[in-house]
Asker: 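Below you'll find the structure I mean.
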Amino acid sequence: MDPTNREPEEYDRSDEDAGRRRQSRDPLTPEYGHQARTVQLISGDFVLTVNPVDGSEIEPCRPGARPAAPVRHTAAERTERERATAPPVPPGPPGPPLPLLERQEERERLVRLLARGRSVRVTGPAGSGRTALLNAVGDDCADLAPDGVVRLSGYKRTTTDLLYGLFEAVYRAPLYRPDREGLLALVHGIGAVVVLDDLEIGGTALQELLDATPECAFLFGTTPDVAAPTADSGIEEVFLAGLGRSSSIELLERVVERTLTDEEANWAGDLWFESEGLPLRFVQAGALLRQRDQLRTDPEAFDGYDDEAADAPFGKPGPADVPLPSLGEGAAPAALLASRVSEAARDTLRFAVALGGELPHQAHLPALVGDTHADAALGELFLCGLLSPAGPRYRLAAGVLAQLEASGYGADAAAHALTAAQHYAWWSGHPSVTPERAVAEADAVLASMTLLVPGDQAGRTSAAVLLARSAAPAFAAGLQWGAWEKVLRTGQEAARIAGEVAEEAYFHHELGVLALCAGNLDRARAELETSIGMRGALADKAGAVAGRRALALVADRSGGPVPGGRAPSGELVPTARHEESAPPPGGVPAAMPLFPRQTEEQPTLVSRQGVPAARAAHVLGGRAAVFRGARRNMVAVGAGALLAAVLGTVVTLGATSGSEDPEGRNVTTEQSADEDDSESGLSADEPTDDASGGGEPGGPPAPGTSGRATPSGSETPSPGTSGPDASPTSGAPSSGSPSSRPTSGDPTSTGKPTKPTPTRPSPTETTTEPSPTETTTEPSPSETTTEPETSNSASGPAESATASATTTGSGPESSDGPPVA
């Protein structure tokens, strides 16, 4: 028995084994499938499939796949959404509730203005209590507008970001992002009181926001350094100042939750004068007094110090010997407050300093700090007044970042940023993380990438590339495309510095797709062409196909051809080509006559034979473009004149012929490309020296053509013979008699129709028609004319008469020829 190849019948467990094997593979398939995490959403007229592997794919939206019209949230849905988007409640015991002191007059005024539909801009320095005032006014205006109160954060947000944020707050439209026109149409009808804190735009950008939402009343909160609105905006201005002395001492007592001593009251008065009554300074001063009380009751309350007294900020504290902070420490208390919190809280502050003031969500703190209870650090820092809410998260309060950096908390900022980037790269790409959760950490993710992009140390730019590669698809699926664009641009720069061409091509592709969705076709074309070029160099067929499809869509929207001659499916298509032989330098040669009849009024066409008969036939069969417009009539007239000249020449030569050969000699006027021509490469598609008259238009013809005499003793070829088949012994006028053939230097032998030039008749020719300056035949391949040799030798009258009768009786055209002399 072979133990490695047991028969199924031996144990009768084939079905069980097969079923067990199938069950072990099935659970793995969905898990691996979710790693790609493709999300399909609608963006305007496009269907966008966010593909983290090869790049997002975009195609036109079919009529049946268009989503239904967005519907407004109900009142209960608005309340639930507002609760979900609020900052998380800090863990630990809650702090004491703080009253809104000396703001009742401003509060009532703001409510009256908003009730009349006016927009108001509340301006005050950082730490003046703007957020608390805006929250209170928002609660008072809950029933003023049909769409309720919408709370937004303007921190690092543009006008477009705010418009889309307003749309998402009012309408329920999952996986749908309208285009610019659709967005403006939807927000135009929104009637709500919009509380917009931390505004960072002004001037025309703010006016654009107001024009897009005429039915909304805005309550802006901003600092004096932000640009003012335009003069015609109609926004009311309300300025906030600091609190009075009594109100400041009252606020300090509310924070400490006891009455101040005389010493503490005097200290608070000096602090009021120094801080100009900013409420934030008194909240932080109250935290200092609370810490002092803990040290006075329990010297070991803060175990963050060593046994040596030099490690403590005030030496080894005793139960009753803890002095009050100095005035400078009260005005800038961040360093002193941080020294009295837990080690996990101090590490959290180091990460916040490294991220430019952005504080990671409390769920990330245990992994970043390395302490399972590090999430409680958020509550400590919030009670100390070191944090302030910013939308759905927290950040360092005003002035805290600069104070901590001066105290040395930013010494290892690069190392902390690298740790945060590696953590977010793993977290944002995990299948269990939804796009909504990833979007909430957008500012922290961007901050960790920004510090790593210069790449002064090895591995940092690669970490930034990995983070951008993981976070970009999540931001795109979460419909936060402002953050998506920032991540893509930062990742593209990091990939360029790190030399990761494949990742750089991915970022260029995503930027092209984003520009296409935004309607910027020029930028989309540039980004996609760059991505296709890089992926072509890397032999990335799947990525190149996705890029070519998007580029074809760009070409379709711009109304131009598909760039690069590539089909949307990714297959190469040949570009339109028009292959024609180049025209000869001397112009298109005269074509074969189509209408061989001459009228009495038409002159004789003077031309020369420049192409063989085979080439002339090709010109007639395949180049009908020669006969266009007026040239068609000219060719028809010239064809009839040419035939008349040929018939007249034949009759004249027959009457005056006298050859030594009594039987005459048959000479055909047909010329075709013989074997010699084929061997020399003569082709109807290639211009030759014969057709161009020596290569120069209007110049002397080449040897061997009908327009140039061939030297052969004292004889020249017959007018009816030309080309290589002409015999040098043909009958012709002697060298002493005038010839009807032009010399090689005759400028009229250009192969083009010229005006007829009457000449004197030759002594050997008797005609009733003027002899042409140059008589050249363009014979048809189907016609042959017998032409006896012209010579002074004896030939009887019978032969001449016979030749004349034979020639003139060959067709109905004989009546048009000249009579025999």
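On a predicted model such as this, the values are computed, not experimentally measured, just so you know.
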Asker: Could you tell me if Arg177 sits above the aromatic ring of Tyr164, with its cationic atom closer than 6.0 Å to the ring centre and no more than 45 degrees from the axis?
Answerer: yes
Asker: How about Val120 and Val137: do any of their side-chain heavy atoms sit closer than 4.5 Å?
Answerer: no
Asker: side-chain contact (heavy atoms from CB on, under 4.5 Å) for Val238 and Arg121? Distances and angles first, verdict last.
Answerer: CA-CA 6 Å; Val238 175; Arg121 186 172 183 255; over 6 Å; no
Asker: For Arg107 and Asp139, what are the C-alpha separation, side-chain angles and deciding distance, and is it a salt bridge (charged side-chain N to carboxylate O under 4.0 Å, His left out)?
Answerer: CA-CA 11 Å; Arg107 182 176 180 176; Asp139 294 338; over 6 Å; no
Asker: Can you see which heavy atom on Glu168 is nearest to which on Arg81, and at what distance?
Answerer: O-NE, 3.5 Å
Asker: Within this structure, what is the CG-CG distance for the pair Leu219 and Asn135, rounded to the nearest 0.5 Å?
Answerer: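 CG of Asn135 is found 9.5 Å from CG of Leu219.
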Asker: Measure the CG-CD distance between Leu336 and Gln403 for me, rounded to the nearest 0.5 Å.
Answerer: 10.5 Å
Asker: Atom CG in Leu166, atom CG in Asp161: separation rounded to 0.5 Å?
Answerer: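 The distance works out to 12.5 Å.
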Asker: Would you give the length of the straight line joining atom CG of Leu324 to atom CD of Glu263, rounded to the nearest 0.5 angstrom?
Answerer: 4.5 Å
Asker: Regarding Arg346 and Glu343, does a basic nitrogen lie under 4.0 Å from an acidic carboxylate oxygen?
Answerer: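 A salt bridge is present here (some side-chain N lies under 4.0 Å from a carboxylate O).
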Asker: Assert yes or no for the condition that the ring centre distance of His364 to Tyr424 is strictly below 6.0 Å.
Answerer: yes
Asker: Closer than 3.5 angstrom, by distance alone: can the side chain of Glu527 be matched with the main-chain N or O of Leu511 as a donor-acceptor pair?
Answerer: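 Here the side-chain-to-backbone pair does not exist.
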Asker: Can you tell me if Ser128 uses its side chain to pair, donor with acceptor, with the backbone of Pro125 under 3.5 Å?
Answerer: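 Yes, because the side chain of Ser128 sits within donor-acceptor range (under 3.5 Å) of the backbone of Pro125.
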Asker: Ala354 and Leu451: which non-hydrogen atoms are nearest, and at how many Å?
Answerer: O-CD2, 3.7 Å
Asker: Would Ser342 and Glu380 count as having a side-chain donor-acceptor pair, cut-off 3.5 Å?
Answerer: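 The answer is yes; a qualifying pair exists.
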Asker: Are side-chain N/O atoms of Glu500 and Ser462 paired as donor and acceptor at under 3.5 Å?
Answerer: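 A pair is found: one side chain offers a donor N or O, the other an acceptor, under 3.5 Å apart.
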Asker: Restricting to non-hydrogen atoms, name the atom on Ala463 and the atom on Leu418 that form the minimum distance, rounded to 0.1 Å.
Answerer: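 Result for this residue pair: CB-CD1, 3.5 Å.
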Asker: Would you please test Arg496 and Glu504 for salt bridge (charged side-chain N to carboxylate O under 4.0 Å, His left out) and show each step?
Answerer: CA-CA 6 Å; Arg496 185 190 62 81; Glu504 186 178 0; 5.6 Å; no
Asker: Has Arg469 got its NZ or CZ under 6.0 Å from the middle of the six-membered ring of Tyr506, at an angle within 45 degrees of the ring axis?
Answerer: yes
Asker: With a 6.0 Å cut-off (strictly less than), is the heavy-atom count around CZ of Phe382, excluding the residue itself, greater than 12?
Answerer: no
Asker: Give the C-alpha distance, both sets of side-chain angles, the deciding distance and a yes or no for side-chain contact (heavy atoms from CB on, under 4.5 Å) between Leu210 and Ser233.
Answerer: CA-CA 8 Å; Leu210 296 175; Ser233 61; 4.1 Å; yes
Asker: Does Asp198 form a salt bridge (charged side-chain N to carboxylate O under 4.0 Å, His left out) with Lys156? I'd like the steps, not just the answer.
Answerer: CA-CA 9 Å; Asp198 298 323; Lys156 296 182 179 180; over 6 Å; no
Asker: Compare all side-chain heavy atoms of Leu467 with those of Ser448 and state whether any distance is below 4.5 angstrom.
Answerer: yes
Asker: Determine yes or no for a side-chain-to-main-chain donor-acceptor pair under 3.5 angstrom, with Glu329 supplying the side chain and Ser326 the backbone.
Answerer: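 Yes, the answer is positive, given that a donor and an acceptor are paired below the 3.5 Å cut-off.
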Asker: State, yes or no, whether a side-chain contact exists between Leu289 and Leu252 at a heavy-atom distance under 4.5 Å.
Answerer: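 Yes; the side chains approach each other to less than 4.5 Å.
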Asker: I'd like to know if the side chain of Thr297 reaches the main chain of Gln294, judged simply by a donor and an acceptor atom lying under 3.5 Å from each other, with no hydrogens or angles considered.
Answerer: yes
Asker: Can you check whether Phe351 reaches Leu359 side chain to side chain, under 4.5 Å on heavy atoms?
Answerer: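 Sidechains of Leu359 and Phe351: no contact.
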Asker: Pair Phe475, Leu488 - check side-chain contact (heavy atoms from CB on, under 4.5 Å), show working.
Answerer: CA-CA 10 Å; Phe475 292 168; Leu488 291 176; over 6 Å; no
Asker: Any donor and acceptor pair, going by atom type alone, linking the side chain of Ser119 with main-chain N or O of Phe218 inside 3.5 Å?
Answerer: yes
Asker: Using modelled atom types and a 3.5 Å cut-off, is there a donor and acceptor pairing between side-chain atoms of Thr222 and backbone atoms of Leu199?
Answerer: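 At least one qualifying donor-acceptor pair exists.
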Asker: Rounded to the nearest 0.5 Å, what separates atom CG in Leu196 from atom OG in Ser153?
Answerer: 7.5 Å
Asker: Given salt bridge (charged side-chain N to carboxylate O under 4.0 Å, His left out), test Glu82 with Arg151 step by step and report yes or no.
Answerer: CA-CA 8 Å; Glu82 182 179 353; Arg151 288 181 169 86; 2.4 Å; yes
Asker: Under 4.0 Å between a Lys/Arg side-chain N and an Asp/Glu carboxylate O for Arg395 and Glu358?
Answerer: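 Between Glu358 and Arg395 there is no salt bridge, as every charged N stays at least 4.0 Å from the carboxylate O atoms.
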Asker: So how far is it from Leu110 CG to Asp140 CG, rounded to the nearest 0.5 Å?
Answerer: 10.0 Å
Asker: When you measure from the side chain of Trp272 to the backbone of Ile249, do you find a donor-acceptor pair of N or O atoms at a distance under 3.5 Å?
Answerer: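 No, the answer is negative, given that no donor and acceptor are paired below the 3.5 Å cut-off.
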Asker: Do Arg103 and Leu100 touch side chain to side chain, with heavy atoms closer than 4.5 Å?
Answerer: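 Arg103 vs Leu100: side chains touch.
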Asker: Donor-acceptor check, side chain of Ser247 to backbone of Gly244, threshold 3.5 angstrom: yes or no?
Answerer: no
Asker: For the backbone of Ala474 and the side chain of Trp484, can you confirm whether one donor and one acceptor N or O come within less than 3.5 Å of each other?
Answerer: no
Asker: Step through it carefully: locate the ring centre of Trp427, locate the ring centre of His423, and say whether they are under 6.0 Å apart.
Answerer: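 That pair fails the under 6.0 Å test.
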Asker: Would you mind checking if Arg350 and Asp347 are paired as a salt bridge, meaning a charged N to carboxylate O distance below 4.0 Å?
Answerer: yes
Asker: Do the side chain of Glu441 and the main chain of Pro360 share a donor and acceptor less than 3.5 angstrom apart?
Answerer: no
